[in-house]
Chemist: 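Following this message is one structure expressed as structure tokens.
One-based numbering, in listed order, for ligands and for the atoms of each.
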Amino acid sequence: MHADKPLTQRALTPEEHTHSQFDTIDVLTISDLHCSYGNTKVVSSANISLNSGEIGCLLGPSGCGKTTILRAIAGFQGIDQGDIKVDGHLIANSLKQSPPEKRNVGMVFQDYALFPHLTVLENVMFGLNKKQASSEQRALDMLETVQLEQLANRYPHELSGGQQQRIALARALAPKPKLILLDEPFSNLDTELRRTLSLEVRDILKAQNTSAILVTHDQEEAFTVADKIGIMMKGQIQQWGTPYDLYHEPLNRDIANFVGKGSFLPASIESTHSITCELGQASSAQALLHPIGAEVDVLVRPEDIISDKDSSLIAKITEKHFLGASCYYELELPSKSQVSTVLSSHLNFEMGDHIGIRFSADHLITFDKKADGIQR
Ligand code: ADP
């Protein structure tokens with residue numbers, strides 16, 4: 001057993017003193033984390049930094065190493081290299097591991113993991129000191145927070161999946177952890193409940209000012225809940241940033257492909273701020289990273305394509321999905337390249353229609369044509 005050691009040993013600078021309590025404190029810092037099972041490396045060089053009160057998310061396809069990172073933070077998984085700090089305290093490196101119960105971290109599992117023989121109230125009190133008179137009140141307060149105080153005396157099998165997950169959240173929050181870890185918490189629920197509960201959980205975490213790391217393979221869930229998202233692929237966090245950054249400033253072609261819809265069209269860099277491609281000329285508020293004259297691929301998102309009946313650029317509708325307020329269309333350009341767009345459902349074009357379109361991007365992301373496809 002290892003005692004937690006405070007890591008910050010220097011005095012705070014005057015600037016640091018002027019920051020508010022929740023301003024810049026990293027509640028979780030993961031530096032150069034490597035994990036393996038036997039000889040198989042499953043996580044390499046992972047870096048994460050989460051401010052107090054922020055919700056972070058690890059998003060990626062199944063098997064990319066998300067749960068392994070979560071288990072390493074919780075203390076259920078050893079690490080080969082790097083370190084993990086919670087609230088400035090070193091809790092794990094390759095030589096020492098604080099036991100899970102000493103990490104000040106709460107966990108919510110995919111299958112809820114409530115104790116079937118305990119009532120709802122007893123489940124929520126589980127991590128609290130039963131001898132303290134205030135514990136029952138704290139548990140009742142947490143039940144009120146998740147709006148299930150009326151179910152205090154029920155048993156888990158008498159609850160719906162959504163109710164069980166809210167109880168699991170109340171149980172994790174009760175001991176006031178610095179960080180909550182949520183492992184695919186909504187994946188056993190149906191689509192509608194997933195959506196409402198994920199928003200509810202975000203509101204509860206924000207109201208409690210509790211930081212959290214969520215693991216999911218569901219992009220919509222990640223974008224709904226998280227302030228920061230790490231896109232994971234093959235054991236590596238490819239980019240850690242806000243949902244806006246990941247969508248609008250993807251660092252490489254894989255991230256651009258994984259996050260949201262979009263296509264790549266061949267383009268030439270015309271000036272420091274403009275390109276030409278099959279869609280015409282387009283300029284970017286930000287300077288482009290490629291040199292003038294370079295042949296690149298430009299990322300075209302659905303919102304970059306607008307309908308314009310007067311345009312000479314004509315595209316054919318090859319796919320249509322009615323979304324209610326809007327319709328998603330896939331369009332074939334004269335070169336046979338595909339782009340997509342989302343237009344008001346009032347327009348209601350049909351499959352096979354030829355429509356006038358215009359390229360209307362206010363910033364451009366260009367990738368080189370090499371296999372790694374990173375921005376230059
Ligand atoms: P994710 O959460 O992204 O689905 P995991 O972290 O669970 O991914 O798994 C990452 C990789 O490690 C996968 O290839 C998985 O098969 C492997 N793995 C997970 N747990 C174990 C284990 N206990 N022993 C051996 N390999 C494992």
Side-chain angles (χ1 to χ4, degrees), residues 28-50 54-86 91-94 97-100 103 105-113 161 165 168-169 172 179-189 191 194 197-198 201 205 211-241 243 246 250-260:
L28 173 69
T29 315
I30 295 183
S31 312
D32 194 28
L33 179 70
H34 293 247
C35 300
S36 54
Y37 295 104
N39 291 328
T40 311
K41 292 186 187 311
V42 294
V43 172
S44 52
S45 309
N47 294 292
I48 292 178
S49 149
L50 194 72
E54 271 186 334
I55 302 173
C57 173
L58 294 172
L59 172 66
S62 180
C64 70
K66 307 180 295 293
T67 301
T68 302
I69 293 187
L70 212 65
R71 288 170 53 81
I73 301 168
F76 306 136
Q77 164 73 40
I79 70 178
D80 300 342
Q81 192 180 314
D83 54 58
I84 304 177
K85 293 172 205 158
V86 169
I91 56 162
N93 63 18
S94 60
Q97 311 271 329
S98 300
R103 295 189 174 205
V105 167
M107 186 111 187
V108 175
F109 299 92
Q110 180 176 351
D111 59 1
Y112 326 128
Q165 199 51 301
L169 179 65
L179 182 69
I180 295 266
L181 305 175
L182 303 128
D183 190 4
E184 299 267 6
F186 313 116
S187 56
N188 286 347
L189 307 171
T191 317
R194 275 177 96 114
L197 193 59
S198 58
V201 165
L205 291 170
S211 312
I213 294 278
L214 164 78
V215 156
T216 183
H217 61 275
D218 183 323
Q219 217 176 105
E220 190 184 328
E221 191 173 295
F223 277 52
T224 306
V225 177
D227 302 306
K228 298 264 176 65
I229 297 174
I231 303 288
M232 271 201 87
M233 286 172 193
K234 295 182 189 147
Q236 291 193 315
I237 299 180
Q238 304 259 323
Q239 186 171 356
W240 177 257
L246 297 172
L251 284 181
N252 63 40
R253 203 186 276 262
D254 286 342
I255 299 167
N257 258 325
F258 186 75
V259 176

Chemist: Sub-3.5 Å donor-acceptor pair from the side chain of Asp183 to the main-chain atoms of Val215, do we have one?
Modeler: no
Chemist: In this structure, does ligand 1 have an atom that sits under 4.0 Å from one of the heavy atoms of Gly60?
Modeler: no
Chemist: Got a protein heavy atom sitting under 4.0 Å from atom 15 (C) of ligand 1?
Modeler: no
Chemist: In terms of residue, atom name and distance, what is the protein heavy atom nearest to atom 19 (C) of ligand 1?
Modeler: Tyr37 CE1, 3.4 Å
Chemist: Is atom 5 (P) of ligand 1 near the protein, in the sense that some protein heavy atom lies at less than 4.0 Å from it?
Modeler: yes
Chemist: Answer side chain, backbone, both or neither: which part of Thr67 comes under 4.0 Å from ligand 1, heavy atoms only.
Modeler: both
Chemist: Which of the numbered atoms in ligand 1 are under 4.0 angstrom from any heavy atom belonging to Lys66?
Modeler: 1 (P), 2 (O), 3 (O), 4 (O), 6 (O), 8 (O)
Chemist: What residues, two or more places apart in sequence or in another chain, satisfy side-chain hydrogen bond (donor to acceptor under 3.5 Å, both in side chains) together with Ser198?
Modeler: none
Chemist: Check each atom of ligand 1 against the heavy atoms of Ser62 and keep those under 4.0 Å away; list them by number with element.
Modeler: 4 (O)
Chemist: Would you confirm whether Trp240, through its side chain, and Asn47, through its main-chain N or O, come within 3.5 Å as a donor-acceptor pair?
Modeler: no
Chemist: Distance to 0.1 Å, residue and atom name: give those for the protein heavy atom nearest to atom 1 (P) of ligand 1.
Modeler: Gly63 N, 3.4 Å
Chemist: Would you call Gly235 a ligand 1 contact, heavy-atom distance under 4.0 Å?
Modeler: no
Chemist: Nearest protein heavy atom to atom 9 (O) of ligand 1, by residue and atom, and its distance?
Modeler: Thr68 OG1, 3.9 Å
Chemist: Going from CD1 on Ile73 to CG on Leu181, what distance comes out if it is rounded to the nearest 0.5 angstrom?
Modeler: 5.5 Å
Chemist: Establish, from distance only, whether the side-chain atoms of Gln238 and Asn252 form a donor-acceptor pair under 3.5 Å.
Modeler: yes
Chemist: Look at atom 12 (O) of ligand 1 and say which protein heavy atom is nearest, naming residue and atom and giving the distance to 0.1 Å.
Modeler: Val42 CG1, 3.2 Å
Chemist: Closer than 4.0 Å to some heavy atom of Pro61 - which atoms of ligand 1 meet that?
Modeler: 3 (O)
Chemist: Can you tell me which residue and heavy atom of the protein come closest to atom 8 (O) of ligand 1, and the distance to 0.1 Å?
Modeler: Gly65 N, 3.2 Å
Chemist: Which ligand 1 atoms, with their elements, are less than 4.0 angstrom from a heavy-atom of Cys64?
Modeler: 1 (P), 3 (O), 8 (O)
